[in-house]
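Each residue takes its place number in the sequence, starting with 1. For clarity, every value in this text was computed on a predicted model and none was experimentally measured.
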Amino acid sequence: MADGNIAVDAAHTGSAGKGFSVVAEEARNLAARSVEAVGDTGTLVGQSIQDVKTGTESTNLAISAMQVISECIQSIKALMDEIALASVRQFLPGCQISLKH
C-alpha cells in the first residue's frame with residue numbers, strides 16, 4: 001500500500017481484493033455524491049435565508065404602507081366630519097352639533 005491507492009492495492013491481492021476494490025470504488029462514489037449534496041444543501045439553505053430576508057423586508061414595507069394609508073383615511077374622515085358639521089351649521093344655524101373624535 002505504498003502508493004496510497006486502496007483500490008489498486010486491493011486489486012493486487014487477488015479475487016478478494018477485487019471485491020474490496022468494487023466496494024472501495026462505490027464508497028468513493030458515495031462520498032463524492034455526499035459532498036455534492038452538502039454543497040447543494042448549503043446553496044439551498046443560503047437561498048432560503050435570502051428569500052426569508054426579502055420576504056421580511058417586503059412585509060415590513062407593506063406594513064408601513066398600510067399604516068400610512070390608515071393615517072390618510074383617518075385624516076380624510078376627520079375632514080369629511082368637519083365638512084358635514086359645517087354644512088349642518090350653515091343650514092341649521094341654531095343646531096348645537098359637535099364632533100367627537
Side-chain angles (χ1 to χ4, degrees):
M1 290 194 201
D3 66 2
N5 188 330
I6 295 173
V8 171
D9 292 336
H12 290 301
T13 63
S15 63
K18 289 179 185 177
F20 181 77
S21 175
V22 170
V23 171
E25 182 65 25
E26 287 302 315
R28 271 195 302 282
N29 290 339
L30 178 60
R33 288 195 309 267
S34 295
V35 167
E36 184 178 338
V38 167
D40 291 346
T41 301
T43 299
L44 290 172
V45 168
Q47 184 61 49
S48 295
I49 290 169
Q50 185 58 44
D51 290 347
V52 168
K53 287 179 181 178
T54 300
T56 300
E57 291 169 1
S58 295
T59 300
N60 289 338
L61 288 173
I63 289 169
S64 295
M66 294 300 287
Q67 289 171 338
V68 169
I69 291 169
S70 178
E71 291 168 5
C72 289
I73 290 171
Q74 293 301 318
S75 295
I76 292 169
K77 182 187 178 307
L79 289 172
M80 291 178 71
D81 287 347
E82 288 178 26
I83 292 169
L85 181 59
S87 295
V88 169
R89 287 185 179 157
Q90 181 179 0
F91 293 108
L92 302 170
C95 187
Q96 299 296 318
I97 298 176
S98 65
L99 295 176
K100 294 182 182 178
H101 292 293

When rounded to the nearest 0.5 angstrom, what distance separates [atom1] in [X] from [atom2] in [Y]?
{"X": "Ile63", "Y": "Ser70", "atom1": "CD1", "atom2": "OG", "result": "13.0 Å"}
{"X": "Lys77", "Y": "Asp81", "atom1": "NZ", "atom2": "CG", "result": "4.0 Å"}
{"X": "Lys53", "Y": "Glu57", "atom1": "NZ", "atom2": "CD", "result": "8.5 Å"}
{"X": "Leu44", "Y": "Ile49", "atom1": "CG", "atom2": "CD1", "result": "11.0 Å"}
{"X": "Asp40", "Y": "Glu36", "atom1": "CG", "atom2": "CD", "result": "5.5 Å"}

Exercise. Less than 4.5 Å apart, any side-chain heavy atom of Leu30 and any of Arg33?
Worked result: yes
For this session: Take Glu26 and Val23, measure what side-chain contact (heavy atoms from CB on, under 4.5 Å) needs, and give me the verdict at the end.
Result: CA-CA 5 Å; Glu26 287 302 315; Val23 171; 5.8 Å; no
Exercise. In terms of hydrophobic clusters joined by side-chain contacts under 4.5 Å, are Met66 and Ile73 together?
Worked result: yes
